[in-house]
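Computed from a predicted structure; not experimentally measured. Both counts, for ligands and for their atoms, begin at 1 and track the order of listing.
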Amino acid sequence: MKLFEIVLRSIDSAMIRTLRDDDLWAVINKACNQVGLGLHGNEYGLRNPKDVDQERRRDHLSHYILRLAFCGNPENIRWLVQQESVLLKCRFERISSGDRSLFLAKYSSDCRVAEREELVQVMDELRQLHGPGVNDDFFVVPWQSVPDLVGRRGVFLRKGYAYVPKAEAFSIILTRFKEMLEGQLERTAKELPALRDDRILPLLELVKKADPYSATGGGAGDASKGFIEGQLMAADVDRASVHFPLCMQHLHKNLRSTSHLKYGGRQQYGLFLKSIGLSLEEALAFWRRSFASKVSDDKFQKEYAYNVRHNYGQEGKRANYAPYSCSKIITSNAPSLGDHHGCPFKHHGPDSLRHTLANYAAPNGTRLGKEEVDIILDLVHGGHHQVACTKLFELTRKPAGSATTIDTITYPSKFYELSIKESK
Ligand code: SF4
């Protein structure tokens, strides 16, 4: 469980911050040290067999608990496979060549080391592709085993086989590893309903609460997440909105300009306001006043008040609904025409986002220069929406020239909380 929370999450965060390979390995090591999880190769095990037995045991337990906890949701499977693949790559590249060969022999039975004689026959082609300094360390595998290398024409093909340089050998196992892990997770998902083990079920519940792509974000299941300390009055929301992240500023602005928000916007914004301290009474007052020019008292009570009370657990199944996480906002229920919910970094077009960023002013008056806007747009272009949001925070709230970074924003309430803190 700790492995998930700290190591895999660190990988995720480091990857989206596009750290170099060595930096990524340093992040992984730091996270492993925090949880006392070693990742040594077999050669270290020859000298310290007991230590390595312990390391492997913890590693295996963490990994298999995660499989159980994550197998029920395709988004979680994708996340787990992605982080485990990065971890595997980092480890594979750092073990000795002896360990690598052992690993390949065990997990890629149709992969063989190229014979010297056959290499002589294709050496010209190999040199053309890999340069004159090419040596004779090549693996031969069916071409289907390395689709990424074939796709980028990074490998020589002959009679259905790919000649993979040793340095690229990881491609061979990456494909296998992903297929194997995805397949096993699917099988586990099918068998999970039959699991009735009191030792395991409470553990799984705990892990699910830390689920990075929880589809229940905004549901009752993770009611402790995303809330911050504090109290907010209806009359103070306008003033507080300078500290909101772009998604909530966009909703607030449209609420003010049209005196209305559609259901998706009311849910996203309403639960956010709840998470930053707006009580039920204040929420009813806030929405009532915000809609006043368009919606009569009677209509408000009949059509809107129920929903507000429902979000606070006073209607329906009386659950204490949590705010939407960034990943939920980004990955589910994309806004249609006339909607204002969603994440601007994900759902607004590049021109509109550039315009928003160019006109953005932080609470201290800081504005973004063109270069800074470009940095954020590059992150958006690379699909790193939460990192772009985090970068916006760092560029506008941290002192100029400060190299300090913050953890990637995962809840809009976090952005708000940090912004308030920085302004004090
Ligand atoms: Fe809002 Fe999260 Fe998107 Fe930032 S990353 S704008 S906090 S949804």
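Within the protein, the N, O or S atoms lying under 2.8 Å from atom 3 (Fe) of ligand 1 are Cys343 SG.
Counting heavy-atom neighbours within 6.0 Å of Glu371 CD, excluding the residue itself, gives a total of 12 or less. Remark: Tyr312 OH is packed, more than 12 non-hydrogen atoms of other residues, nucleotides or ligands lying under 6.0 Å away.
Checking Ser296 against Asp298 by side-chain atom types alone, no donor-acceptor pair falls below 3.5 Å.
For the pair Asp238 and Arg256, the salt-bridge criterion is met [side-chain N within less than 4.0 Å of a carboxylate O]. Taking 4.0 Å as the cut-off between side-chain N and carboxylate O, Glu179 and Arg176 do not count as a salt-bridged pair.
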- For the pair Phe92 and Leu174, evaluate side-chain contact (heavy atoms from CB on, under 4.5 Å) and give the outcome as yes or no after the intermediate values. CA-CA 10 Å; Phe92 185 77; Leu174 182 63; over 6 Å; no

